[in-house]
2 protein chains.
Amino acid sequence: MKDSPEDQIVNAILDAIAEQRLPAGTKLGEQALSDLFSCNRANVRRALASLAAQQVVELRPNRGAFVMTPSPKEARDIFQARRAIERTIARHASGQASAEDIAFLRDNILEEAEARKAGDKPAELRASRQFHMRIAQIAGNLVLERFLSELTMRSTLILGLYSPTGSSSCAEDEHDRIVDALAAGATDELVRLADEHLRHLEAGLNFDEPPAAPMSLREQLMAPRSTPNAK
Amino acid sequence: MKDSPEDQIVNAILDAIAEQRLPAGTKLGEQALSDLFSCNRANVRRALASLAAQQVVELRPNRGAFVMTPSPKEARDIFQARRAIERTIARHASGQASAEDIAFLRDNILEEAEARKAGDKPAELRASRQFHMRIAQIAGNLVLERFLSELTMRSTLILGLYSPTGSSSCAEDEHDRIVDALAAGATDELVRLADEHLRHLEAGLNFDEPPAAPMSLREQLMAPRSTPNAK
DNA sequence: TTGTCATTTATTGTTAACAATATTTGACAA
DNA sequence: TTGTCAAATATTGTTAACAATAAATGACAA
């Protein structure tokens, strides 16, 4: 059961984006990737085509592949779609959660809180994402699960761009109450909480100041310092 | 504004599937495609990777690419997801349709009816699909629009597999009433009609007899006749 | 005839070389 | 210094050849 090199690349990039290690706008050079994963460029190319089909990567002809930079309008669309899908998921998950599911989710909340306290952003984001995805699994619809997977990925990019650092992830007590409703089989309550939860997340965004300029790998390493130019 | 060869292939295949000219299970050979579109295999490969990411094509390692054959369980998931998404779309489209939108939709209904009378299945399917997609455009959410595009594509495959030939497409009077509700801005009514419409479509499926065996291009041309074997 | 197996053929997977296109660099002039 | 332009470099796009794998063919034996 070994993954094809192409899947490896796709998954590695998706993971990196989900944990905000790859910010929006980062250039994904073919050479760099084929070196990293020690495979030929053909595989890299196919992987990038897959990611582009999922709208996670933008393919500019003759320029290369870049991590997608969602516009404010796209951000709105994505969160709107997320609400529609997560509400549906909540409705179908209600009453379907096993004891292990509930245990997993409670444990996951602790994990996220710890990561937040420790200042480990990647771990925090990973836990938060797992929370939402686990509920999707409970709902048992693979199509909705895949859609949500794509949307959480893009949400992470949005948070990285438009979130006044810090408010970027979910309020943990909301997760708490969601598990309570899920365990109690309170469908309407669960749907309401899911919707509210996402509205809060979206409300924390700030589109006023333009997103930080797209970075290349070079610029990330050049240490911007305090731009020593001026008059 | 010319399409890249890769996009051409992707769109040609999507169109063919949407009009049921390419049935589920058809093998998509790399050579055949690169000949058809007179491009190199690298482009074909990337196109197939994109289609696989959209779950419209299945990639079997060392075997090639095949038009996806949705299982009954997948069919259920797909229609469930479609209801969730089209309901949301209906809600957002309500009150947003321009006069041209309504005119287009009314015209589209006629077109579909004519195609049906003429026995032109591809034209009928194309019109029906356009109907749903136009409403998605009115709703103005590109994410939901793309999701629906993928789901209608896969729905067509499902209808081709599990529909007792004939009932395969939408009841036209339902489309009529949907346009009425859309034009009147009757949101709740519109959502209800959309949901019902999809339930009717799904109810017409029959999973009892197994889907026709996966076809290769050869078998499609060999003229199956009445299998002259027996005792 | 019918089933099995080795051989042949076709198809997919991989790699490398080359062409076309951007990007960077550095020289030069204002 | 600052702006512009040409040369140099790096990156993406295309193509062809080869290797690995699966499918089809045909010979052979029962």
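None of the values given here were measured: they were computed from a predicted structure. Residue numbers begin at 1 in each chain, while the letters A, B, ... track the order of the sequences.
In this structure, CG of B:D7 is placed 12 Å from P of D:dG13, rounded to the nearest angstrom. Remark: P of D:dT15 and CD of B:Q31 are 14 Å apart, rounded to the nearest angstrom. If you measure from atom CZ of A:R60 to atom P of C:dT21, you get 19 Å, rounded to the nearest angstrom.
Two residues, A:P61 and B:L28, neighbour DNA chain C, and the one matched to the more 5' nucleotide by heavy-atom proximity is B:L28.
Taking a cutoff of 4.0 Å between a charged side-chain nitrogen and a carboxylate oxygen, B:R83 and B:E202 qualify as a salt bridge. For the pair B:E150 and B:R154, the salt-bridge criterion is met [side-chain N within less than 4.0 Å of a carboxylate O].
Distances shown here put every side-chain N or O of A:K27 at or beyond 4.0 Å from the OP1 or OP2 atom of C:dA22. Contact annotation: B:N43 side-chain N/O to D:dG13 OP1/OP2 distance is not under 4.0 Å. For the OP1/OP2 pair of C:dT12 and a distance below 4.0 Å, the side-chain nitrogens and oxygens of B:R63 include no atom meeting the criterion. A close approach under 4.0 Å does occur between a side-chain nitrogen or oxygen of B:R45 and OP1 or OP2 of C:dG13.
Considering only side-chain atoms of A:E30, the nucleotide from D:dA23, C:dA22, D:dG13 that sits closest is D:dG13. Listed nucleotides: C:dT14, C:dG13, C:dT21. Nearest to the side chain of A:N62: C:dT21.
A pairwise comparison of heavy atoms in A:N43 and A:E6 identifies O-CG, 4.2 Å as the closest pair. The heavy-atom pair separating A:A53 from B:S50 by the smallest distance is CB-O, 3.8 Å. Minimum interatomic distance between A:N141 and B:K73 (heavy atoms only, all atoms of both residues): CA-NZ, 4.4 Å.
Checked by atom type, the side-chain pair B:R82/B:S155 shows a donor-acceptor distance below 3.5 Å.
Within residues 34-42 of chain B, the residues that have a heavy atom under 4.0 Å from DNA chain D are, in order of number, B:N40, B:A42.
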